[in-house]
Amino acid sequence: MKVLVVSPHPDDETLGCGATLLKHKKNGDKVFWLNVTSAGINSGYSSKFAKKRDQEIRKVCKAYKFDGFLNLNFPTKFLDQIPTSNLIDSFNKYINKIKPEKIFIPSKSDIHSD
């Protein structure tokens, strides 16, 4: 089975369904991660913080043994300003490439605007 987890920010994949992702890996499933935002200079973060965040993401990919990872690099804290069509097009490209049978996404009840 191919599984895709979509996270608005790095750590949402773990907080939302980390144990489930590990179970899928244990069962031999292919697990992919699509992260939507990055904490870069364009979002008001320092280059030092951005570099540290990128290192943390690489560690998470290695720990989960993801079969694929894509960071869309939309600016964090500003997703509500990105045209919905841009988001959908970006999601569609990765989903059509992976062709997952199961997708994990954040709850629509999440209080975070992203």
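Counting from 1, the numbers follow the sequence of the chain as shown.
In this structure, CG in L72 is found 10.0 Å from NZ in K93, a value given to the nearest 0.5 Å. Put simply, CG on L4 and CZ on F104 are 10.0 Å apart, with the number rounded to the nearest 0.5 Å. A distance of 11.0 Å separates CG in N92 from OG in S85, rounded to the nearest 0.5 Å. A distance of 5.5 Å separates CG in D29 from CE in M1, rounded to the nearest 0.5 Å. A distance of 10.5 Å separates CG in D67 from SG in C61, rounded to the nearest 0.5 Å. Between the NZ atom in K23 and the SG atom in C17 there is a gap of 13.0 Å [rounded to 0.5 Å].
Using a 4.0 Å cut-off between a side-chain N of Lys or Arg and a carboxylate O of Asp or Glu, E56 and R53 qualify as a salt bridge.
Shown here is I105, whose CD1 atom has no more than 12 heavy atoms of other residues, nucleotides or ligands within 6.0 Å. With a 6.0 Å radius and a threshold of 12 heavy atoms from other residues, nucleotides or ligands, K25 has its NZ atom above the threshold.
In summary, of the residues considered (D12, I95, N35, V36), a side-chain contact (heavy atoms from CB on, under 4.5 Å) with V6 occurs for V36 alone.
Inter-residue side-chain proximity for Q55 and R58 is flagged as met; some heavy-atom pair is nearer than 4.5 Å. Between P75 and I82 the shortest side-chain heavy-atom distance falls below 4.5 Å. Two residues are said to be in side-chain contact when any heavy atoms from C-beta on lie closer than 4.5 Å; F32 and K2 meet this criterion.
In terms of heavy-atom proximity, G18 sits nearest to Y64 at CA-OH, 3.3 Å. When all heavy atoms of H24 and V3 are compared, the closest pair comes out as ND1-CG2, 3.5 Å. Across all non-hydrogen atoms, the minimal contact from H9 to T76 is CD2-OG1, 3.1 Å. Closest approach of Y94 to G68, counting heavy atoms only: OH-C, 3.4 Å.
Here the side chain of K65 pairs no donor or acceptor atom with the backbone of K62 at under 3.5 angstrom. Remark: side-chain polar atoms of T37 are paired, donor with acceptor, to backbone N or O of P8 under 3.5 angstrom. Remark: side-chain polar atoms of D89 are not paired, donor with acceptor, to backbone N or O of N86 under 3.5 angstrom. Side-chain N or O atoms of N71 include one that pairs as donor or acceptor with a backbone N or O of N73 at under 3.5 Å. Side-chain atoms of S46 come within 3.5 Å of backbone N or O of F49 as a donor-acceptor pair.
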- Kindly determine whether L70 and W33 satisfy side chain to side chain contact (heavy atoms under 4.5 Å, CB included), including the steps that lead there. CA-CA 6 Å; L70 178 66; W33 179 19; over 6 Å; no
- V60 vs F69, side chain to side chain contact (heavy atoms under 4.5 Å, CB included): CA-CA, chis, key distance, verdict: CA-CA 10 Å; V60 170; F69 169 74; over 6 Å; no
- Task: Test S38 against Y45 for side chain to side chain contact (heavy atoms under 4.5 Å, CB included), laying out the working first.
- Result: CA-CA 10 Å; S38 64; Y45 295 93; over 6 Å; no
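There is no path of hydrophobic side-chain contacts, each under 4.5 Å, that joins L34 to F66. Linking ILVMFWY side-chain heavy atoms closer than 4.5 Å, directly or via other members, places I98 and L21 in two distinct hydrophobic clusters.
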